[in-house]
Protein chains: 2
Amino acid sequence: MPHPSNRSAIELFLRRLRSHSTLNEEERAEILRLSAIPLDIKAHTDFVRLGETVDHACLVTEGLVGRFGQTEDGKRQFVSVHVPGEMVDLPSVMMPQSATALNTLTRTSIVRIPHKALRDVGFRHPAIAAAFWRVCVLDAGIVAQWLVNVGRRDARSRMAHLFCELAVRYRLMDQSDGISFELPMTQDQLADALGLTAVHTNRMLQTLRGEGLLSITRSRVEILDKVALETAAEFDPGYLLPKSPD
Amino acid sequence: MPHPSNRSAIELFLRRLRSHSTLNEEERAEILRLSAIPLDIKAHTDFVRLGETVDHACLVTEGLVGRFGQTEDGKRQFVSVHVPGEMVDLPSVMMPQSATALNTLTRTSIVRIPHKALRDVGFRHPAIAAAFWRVCVLDAGIVAQWLVNVGRRDARSRMAHLFCELAVRYRLMDQSDGISFELPMTQDQLADALGLTAVHTNRMLQTLRGEGLLSITRSRVEILDKVALETAAEFDPGYLLPKSPD
DNA sequence: CGGTCGGTTGAAAGCCTTCAAACGGTGTGG
DNA sequence: CCACACCGTTTGAAGGCTTTCAACCGACCG
């Protein structure tokens, strides 16, 4: 598979910014001019540890990155997963010592953007700073929905909700028609995103398949009955689609 | 009980800002000059509904405010609770249509600060905008920890974690010595914060009491064995105490 | 070809929920 | 001043969703 250039990753990121924030031509140019150091990381690698202090943010070019917390006995909980075009740890610009760690769910390419560059460009252009802030707020809203999901929905509904959300997020990045999309996650990883065990994740997956709601293989999800899936999930995409750009 | 003035609520908020962000004298004065419309709300009131668009942010003066999501059958999950001195929905400045609702856990006084005022002051003073952004990042980090808590810890540990966190947060607001603090939450509300049922919340509370870890009445928590409680919770306050102010 | 990884399956155990009922404190009205 | 109602807490028993433990399978890799 051809490797998207770093350039295109930043363009994707800019597109996402513009979907909810207004940026003039100069501001857009500034974003595209950000220095971006590419880096390929193999699957299942913790490339930012808990408590580590970082001086750059990561933008996903290809693959999938998960942010997670961990209990002392090693159980993990993904707090978010990030698809290409998303900045994984933009919050780290404001809080360089993170209480969450980063892990590649599959072989992944990222570009690293220095905090200093992000701060500088935000300082020069308040509209950019506002856009960054807004992205953080949006991402935090997703985490909040995950919390509702894990706290108050049963496994089947919870799982349906995750797939509905990811379908929308891939579509927003033009990497899906909203029906099917690449999702290179193992069932262990799905379990860690849903607050379940891998065994039960497997069984629920089979339930959803058996009900004809979706078809899923190791790396691809296809939604077969969107209405039924969204009903099962009680899914409302409002939190992913901000109303107005100011 | 004497009613703290609005002034002192904003002062408390400013103090929190300064604990992690550097603001010069003029910037501090700007914060204190923000217009603040006081409002008293009775207990158990949803004063911001799901999907509602707001044009002001709420700062808690006295009492306790919870932000929550809800499933279709009415089950609630608190996504955060906010003590006096905290801005409940600063993110709403960037995202006026919230996917979470607001509820008073007890009789509560707030002040409402217009989004426009917050945006203007942030636009004029990049350092203030950065401070606001940083608060949002910190709060999002707390939500992330809650997600880890609900997703991967059992009820006892989860509950211990919540009390450890609140002890620190009250202490940061100088409303506690870190050992005991006012917590006017019912067990139903605790349950909604922990992703449990009220019945099981009650039983776990008794467990913690029985183990001599804490003493809790309707409105006050006292930590009796801090070390044991933090051990049970696997509590690490790092996510509440940012390293450096820039 | 053996080894590893991810997926699948079965059975038993357990944590938590659900359903129901009773208890105690507080505020209100007669 | 007492009675009653309401709210939040407490307790018991039963059931269920999810976990845990174990084993097996298939695919891919060196």
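Predicted, not measured: the structure shown is a model, and the values here were computed from it. To find a chain, count down the sequence lines: A is the first, B the second, and so on, and within it residues start at 1. Heavy-atom basis, side chains included; hydrogens, waters and symmetry copies ignored.
Considering only heavy atoms from C-beta on, Val148(B) stays 4.5 Å or farther from His161(B) through its side chain.
Not a single donor-acceptor pair under 3.5 Å links the side chain of Thr53(B) to the backbone N or O of Gln97(B).
Of the candidates dT18(D), dC16(C), dT9(D), dT18(D) carries the atom nearest the His200(A) side chain, counting heavy atoms from C-beta on. Closest to the side chain of Thr186(B), out of dG7(C), dT9(D), dA20(C), is dT9(D).
Rounded to whole Å, atom P of dG7(C) lies 9 Å from atom CD1 of Ile216(A). The nearest whole Å value for the distance from the CE atom in Met204(B) to the P atom in dC16(C) is 6 Å. As rounded to whole Å, 15 Å separates atom P of dT8(C) from atom CG of Leu196(A). Nucleotide dT11(D) holds its P atom 9 Å from the CZ atom of Arg209(B), rounded to whole Å. Rounded to whole Å, the distance from CE on Met185(A) to P on dG6(C) is 13 Å.
Gln206(A) has no side-chain polar atom (N or O) that falls below the 4.0 Å cut-off from OP1 or OP2 of dG7(C). The phosphate of dC7(D) has neither OP1 nor OP2 within less than 4.0 Å of any side-chain N or O from Gln187(B). Under 4.0 angstrom from either OP1 or OP2 of dG7(C) there lies no side-chain N or O belonging to Asn202(A). For Arg218(A), a side-chain nitrogen or oxygen approaches OP1 or OP2 of dG7(C) to under 4.0 Å. Side-chain N/O atoms of His44(A) include one lying less than 4.0 angstrom from OP1 or OP2 on dG6(C).
Electrostatic pairing of Asp73(A) and Lys75(A) counts as a salt bridge here, judged by a charged N lying under 4.0 Å from a carboxylate O. Salt bridge annotation for Asp139(A)-Arg67(A): absent, with no cationic side-chain nitrogen under 4.0 angstrom from a carboxylate oxygen.
Residue-level contact check: Ala198(A) touches neither bases nor backbone, having no heavy atom under 4.0 Å from any strand.
The base of dT20(D) is paired with the side chain of Arg203(A) by a donor and an acceptor separated by under 3.5 Å.
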Counting only pairs under 3.5 Å, give me each side-chain donor-acceptor contact of residues 202-210 of chain B, with atom names and distances, residues two or more places apart or in other chains.
{"unit_1": "Asn202(B)", "atom_1": "OD1", "unit_2": "Gln206(B)", "atom_2": "NE2", "d": "2.3"}
{"unit_1": "Asn202(B)", "atom_1": "ND2", "unit_2": "Gln187(B)", "atom_2": "OE1", "d": "2.9"}
{"unit_1": "Thr207(B)", "atom_1": "OG1", "unit_2": "Arg203(B)", "atom_2": "O", "d": "3.0"}
{"unit_1": "Arg209(B)", "atom_1": "NH1", "unit_2": "Ile216(B)", "atom_2": "O", "d": "2.9"}

